[in-house]
**Q** 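Handing you this structure, nothing more for now.
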Amino acid sequence: MRNGWMVLALGLLGMALAQDGGKLYAQYCAGCHQPTGQGVPGAFPPLAGLDPLFKDPKGRAYLVQVVAFGLQGPLKVGSFTYNGLMPSMGQLKDEEIALLLNHIGASFGNRNPQPFTPAEVQRAREKRLTPQEVLKGRPTR
């Protein structure tokens, strides 16, 4: 019975954390990427279909860096090329970036197999990058 309570507590904690990530998404991301995560064709890329990045250590670091440092330059996603500027969200704490990415990883059809942790975020943002350098480090998919 004790294990059952622990599973329930962990599940409720995960739901609470996802809700906080949802609030961060609504505040910082939904204006461009839309509440549905589908983006705006030609203007803002969709956030669906990120599973390959969530599963790859380099992809995970890239996602952290996109949030922490921004992204600038031509980016091909599907049949559209985007050439805008995503602003840095570097003011967010490591915990907040982890919550935000965990929300994205559990939304829009994404299935992130491993939640981000604040320690993982901290490691990925140790080296300061420009938005153009983040783009150059994008793993090919």
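Just so you know, these numbers use all the heavy atoms, side chains as well, and skip hydrogens, waters and symmetry mates. Note that this is a predicted model, so its numbers are computed, not measured.
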**Q** Are Tyr28 and Val67 packed together at the side-chain level, in the sense that at least one heavy-atom pair is separated by less than 4.5 angstrom?
**A**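 Result no, sub-4.5 Å side-chain heavy-atom pair not found.
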
**Q** I need the Ile97 CD1 to Gln122 CD distance, nearest 0.5 Å.
**A**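 Reported to 0.5 Å precision, the distance equals 11.0 Å.
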
**Q** Taking all non-hydrogen atoms of both residues into account, name the closest pair between Leu24 and Glu96 and its distance.
**A**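 Heavy atoms of Leu24 and Glu96 come nearest at CD1-O, 3.4 Å.
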
**Q** Sequence neighbours left out, what passes ring pair (Phe, Tyr, Trp, His ring centres under 6.0 Å) with Tyr25? Give chain and number order.
**A**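 Expected list: His103, Phe108.
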
**Q** Please lay out, stage by stage, how Leu100 and Cys29 fare under the test side-chain contact (heavy atoms from CB on, under 4.5 Å).
**A** CA-CA 9 Å; Leu100 176 60; Cys29 310; 3.8 Å; yes

**Q** Please report the closest heavy-atom contact between Pro118 and Ala98, naming both atoms and the distance.
**A**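 Pro118 and Ala98 have their closest heavy atoms at N-CB, 4.0 Å.
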
**Q** Is Leu135 linked to Phe44 within one hydrophobic cluster, defined over Ile, Leu, Val, Met, Phe, Trp and Tyr using a side-chain heavy-atom separation of less than 4.5 Å?
**A** no

**Q** Quick one: side chain to side chain contact (heavy atoms under 4.5 Å, CB included) partners of Asn83, sequence neighbours excluded?
**A**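 For Asn83 the side chain to side chain contact (heavy atoms under 4.5 Å, CB included) partners, ignoring immediate neighbours, are Pro74.
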
**Q** Name all residues meeting the side chain to side chain contact (heavy atoms under 4.5 Å, CB included) criterion together with Gln27; count only those two or more places apart in sequence or in a different chain, and write none if there are none.
**A**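 Partners of Gln27 by the side chain to side chain contact (heavy atoms under 4.5 Å, CB included) criterion come out as none, since no residue qualifies.
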
**Q** Which atoms form the tightest heavy-atom contact between Gln65 and Ala124, and what is the distance?
**A**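 Where Gln65 meets Ala124 most closely, the heavy atoms are NE2-O, 3.0 Å.
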
**Q** Looking at every non-hydrogen atom in both residues, tell me the closest pair between Gly109 and Asp51 and how far apart they are.
**A**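 For Gly109 and Asp51, the tightest heavy-atom pair comes out as O-OD2, 4.1 Å.
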
**Q** Donor-acceptor check, side chain of Asn110 to backbone of Leu47, threshold 3.5 angstrom: yes or no?
**A** yes

**Q** Just by modelled atom types, is the Phe116 backbone N or O under 3.5 Å from a matching donor or acceptor in the Asn102 side chain?
**A** yes

**Q** Quick check: do His33 and Pro46 have side-chain heavy atoms less than 4.5 Å from each other?
**A**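 The answer is no; the side chains never approach within 4.5 Å.
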
**Q** Can you confirm whether Thr117 sits close enough to Val121 that some side-chain heavy atom of one is under 4.5 Å from a side-chain heavy atom of the other?
**A** no

**Q** Give me the atom names and distance for the closest heavy-atom approach of Pro115 to Asn112.
**A**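 Nearest heavy atoms, Pro115 then Asn112: CA-ND2, 3.9 Å.
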
**Q** Strictly by ring pair (Phe, Tyr, Trp, His ring centres under 6.0 Å), give each pair with a member in residues 61-85 just once, sequence neighbours left out.
**A**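 Qualifying pairs, neighbours excluded: none.
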
**Q** Scan for salt bridge (charged side-chain N to carboxylate O under 4.0 Å, His left out) pairs involving residues 25-38, sequence neighbours excluded, and state none if there are none.
**A** none

**Q** For Gln34 and Thr36, does a side-chain donor sit closer than 3.5 Å to a side-chain acceptor?
**A**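 No, because no side-chain N or O of Gln34 sits under 3.5 Å from a partner of the opposite role on Thr36.
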
**Q** Mind jotting down which residue pairs meet the salt bridge (charged side-chain N to carboxylate O under 4.0 Å, His left out) criterion with at least one end in residues 109-131? Sequence neighbours excluded, please.
**A** Arg60-Glu120, Asp94-Arg125

**Q** Rounded to the nearest 0.5 Å, how far does CG of Leu53 lie from CG of Leu101?
**A** 10.5 Å

**Q** Treating Thr81 as the side-chain partner and Leu75 as the backbone partner, does any N or O pair qualify as donor plus acceptor under 3.5 Å?
**A**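 No; judged by distance alone, with no hydrogens or angles, the pair does not exist.
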
